[in-house]
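See structure below.
Here the structure is a predicted model, which is why all the values come from computation and not from measurement. We number each residue from 1, following the sequence as shown.
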Amino acid sequence: MWQLALRTLKFRRTSFVATFLAMFLGAAIVIGCGGLMETGVRMAADPQRLAGAPVVVTGEQTHGTTALTERHRIDPDLVAAVAKTNGVRTAVGDVSVPATVLKDGKPLTAKSDSYGHGWASARLTPYTLAVGGSPAAGGEVVLDSGLAQRAGARPGSTVDIVVQGTTRQFRVSGIAAQQGGHNPHAAVFFTDDEARAFAGGRIDSIGVLPAPGRSDAAVADAVRSAVGDRAEVLTGEQRGLAELPGTLPSKRTVVILAAVFGSSVVLIVMFGVASTLGLSLQQRAREMALLRAVGSTPRQLRRMILTETAVLSVGSVLLALLPGWAIGRMLYGVLTSSGVVSSEIVYHCGWIPMAVGAVVTVLAAAGATRFAGRKAARTEPVAALAEATAGTSWFSVPRLLLALFFLANGIGLAIATTTMEDSPTLASTAGPASVLFCIGLALLAPGITKAMVAVLRLPVRAFSGLSGQLALRNAATANVRMAGAVAPIVLLIGIATGTLYMQSTEDHVSRASYDKNILAQYVLDSTTGGFAPGVVEKVRATPGVTAASELVVTRGFVDRSGGLADADLRGVSAEGVRQSLDLPVVSGSLAALSGDTVALSDKKAREYGVKVGDRLPMHFGDGTAARPTVVALYADNPKQEYLTLPAATLAPHTGDGLPHQILVRTAPGSGTEVHDRLAALAARVPGTELDVSSSLAGRNNQIQQILVSANYTIVAMIVGYAAITVVNTLVSVTRKRSAEFGLQRLTGATRAQVIAMLSVEGVLIAVIATVLGTIASATTIVPYSLVKSDSYLPSGSIGIYLAIVGGSLLLVFGATLLPSWRGMRNPAVDTVKAA
């Protein structure tokens, strides 16, 4: 049986290459999504600046089960407690504060690319003095060698450094060179006391150096006992997380993204492999019938088919391991470049994703072999030969039940989407709806195709003559074959249309809502760690400026009976918020927004059960608990559900501790003069950029916006796989019909007439697939648009839809006409003989 299976593979190269390619690409894509999932679950980062410390103590980055979005700093007294722990040789406290070195008044480093630390922590990388001495008193610094070279600094010279939003002059006491680790940021070292003062008196982490002869694991256990629940102890590749505060929330984003798209990919791959393998077996119906006629038993045929499938699936999976790893690495690169996760997070793709990819591919192939090969193996020889000649029956009760299962689940997810509130998780139900519905339609494609061909019969005959009649006859007698070509195109159009319009709707609604909410015309941006408190007063004093408000955007949590609820937080200045933001007050006053206070929408107030004068229990992004007094309620904007607090209250609980933006409202008719004055002011504040306020729309709704590149990349990958399945199917079907084309030519048809017939068939396939794909995409588009914009129609150009349909047409005609034209270059007699 093995010899027969291998000989069959040798002489059926076209169909088996198509099946092998579907398995290979499917396994690679599943492995890639699995690698993304493993990376999110493990969420580890190799240490860089702390590479010299085998054990790192840092603040807990979770509150209960909720990941914090900002750094949770720890008490400096812990340094002494850790240093006394058995097995610890040295414990060094570490802080990181934005510190930007200037040259000729301009920053030498890009935004958030230069940090200041205490000199004692230099050993944790380690940095060592190359020239000069360590900082001995306040006002002295050590620069890393690269930064010193760019600044033209040397021991004894002075440099201007922006710290806490203020430009200060420091004396360079020495130059340090990095001996190990890999710190990607420029480093500035202050005295330990001065660095701690800049950080507000608390520290970020403690680097622990074990005593000689003591294992890292034993020391880590001892330190955990010493610090208890006051801090977290990290070892190995987890140490890098101490340098990346606020990273853990992205773990949830990556896992959800991998789960949503991974599940869709698994379904699509299983469908693609099954349909390709099923089509291959259908095309071999006559071969199976002949084997049964010469005495082969059903068991022998099943064994032969299973052996062929095993050879193909094992070979494709083994070859897909490395490409699968590379696909996952590419997806990870898209996530890091778009800001979903830090580029320091280590990509992992171990044996589990590879095993999942292998199992999915093998199961899909085994399932297709069982269902597609069962009938050929069981049918009696005479009946099998007759059916192979007349055509293949497609309907069965299991197929109908499976189709209804997918259709019902697709509709169910669409309905569930319409009942949800607008949130970042909306796409997790809307997206898979069209995938499930597409698969359900594909399972019923033979019957649907036959019905639609009957509907299209009159217009096709009216416009295409004899070629159309031949195409209609082929479609009527070979509806299963045509459905095999329709199904993958339905998948392509449905998924591409649904996902791309879902994203375009999100982009439009988010931008329109944010633009409407911002009343200010300009925004000042700091690239040096934030604005000092006096800058906003200077902006207000600028002629032509009617209002200015600091702006801080972060995330926090509201305490509720069921636990913590995520909340978007916005810090503003009471003096300018009413002129800068569209917040129609329902009760209370925004003028009272100072100190320990908060304002929120009337809808959120009802949800949290508070009113003006009540205290709202909550936690800031760094885990600090607060109970601000509610001083105002404003009309709800479902697309901008921020809790609004004073910027001076919220900013200290963010990484840099200062506002990064200032919103500026100018007087009507002020013209370009006020712009020029603001530009001049920005030039006097190092690292400040002036932009129009609409630029803030791109930074709003971060969870959705940062996933745009990832969404498009994964969709492109899925659509690409569907496109390859389309090409595989059409090329295989077309080459299988070479004898049919040869007979037509022998009976008098010209090559042009055969091509015309195939063109009409292509039009039929494209029309049917476009209608079904559009219906399937509606299960994603309609509910998503209803929730987002109260409209049945999505936002976005009609050009998106036309491009998808046009691309599908190119695939259909390219994969049909090109192989046919090439095949008909040979004499018709030879073509018939070869078949």
Side-chain angles (χ1 to χ4, degrees), residues 20-46 184 237 240 244 247 250-270 272-273 316-361 427-428 431-432 435 491-492 495-496 499-500 502-503 703-725 727-728 807:
F20 177 86
L21 190 58
M23 292 182 180
F24 167 75
L25 291 174
I29 294 173
V30 174
I31 290 170
C33 287
L36 199 63
M37 173 70 79
E38 183 179 356
T39 300
V41 170
R42 297 181 64 169
M43 193 57 69
D46 288 330
E237 63 181 7
L244 302 169
T247 296
S250 64
K251 174 178 181 176
R252 178 187 175 191
T253 304
V254 174
V255 170
I256 290 176
L257 181 73
V260 170
F261 281 103
S263 59
S264 297
V265 165
V266 168
L267 287 173
I268 293 165
V269 166
M270 292 185 73
V273 171
S316 61
V317 166
L318 290 176
L319 290 177
L321 296 180
L322 186 58
W325 183 94
I327 288 174
R329 189 68 177 79
M330 178 199 71
L331 292 175
Y332 165 79
V334 173
L335 294 182
T336 57
S337 63
S338 59
V340 178
V341 293
S342 170
S343 58
E344 281 79 25
I345 297 297
V346 178
Y347 170 68
H348 288 282
C349 185
W351 67 269
I352 294 179
M354 295 185 178
V356 170
V359 168
V360 166
T361 305
S428 64
V435 177
L491 202 66
L492 188 156
I495 294 173
T499 306
L500 295 182
M502 186 169 63
Q503 187 63 60
I703 293 180
Q704 291 283 0
Q705 292 303 315
I706 60 180
L707 296 179
V708 172
S709 298
N711 281 341
Y712 285 155
T713 300
I714 295 177
V715 169
M717 186 173 63
I718 293 174
V719 170
Y721 179 76
I724 291 172
T725 304
V727 173
N728 273 344

From [atom1] ([X]) to [atom2] ([Y]), nearest 0.5 Å:
X      : Y      : atom1 : atom2 : result
Ile345 : Asp46  : CD1   : CG    : 9.5 Å
Ile29  : Phe24  : CD1   : CZ    : 10.0 Å
Met37  : Leu331 : CE    : CG    : 12.5 Å
Leu500 : Ile495 : CG    : CD1   : 11.0 Å

Where do [X] and [Y] come nearest, in terms of heavy atoms and distance?
X      : Y      : value
Val346 : Ala45  : CG2-CA, 3.9 Å
Val30  : Gly357 : CG1-CA, 3.6 Å
Ile31  : Met354 : CG1-CA, 3.8 Å
Thr39  : His348 : OG1-N, 3.0 Å
Ser316 : Met23  : OG-CB, 3.3 Å
Val317 : Ala27  : CG2-CB, 4.4 Å

Could you check whether any side-chain N or O of Glu38 sits under 3.5 Å from a backbone N or O of Ile352, counting only pairs where one atom can act as donor and the other as acceptor?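 Judged by distance alone, no pair lies under 3.5 Å.
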Can you list the residues that meet the ring pair (Phe, Tyr, Trp, His ring centres under 6.0 Å) rule with Tyr347, with sequence neighbours excluded? Trp325, Tyr332
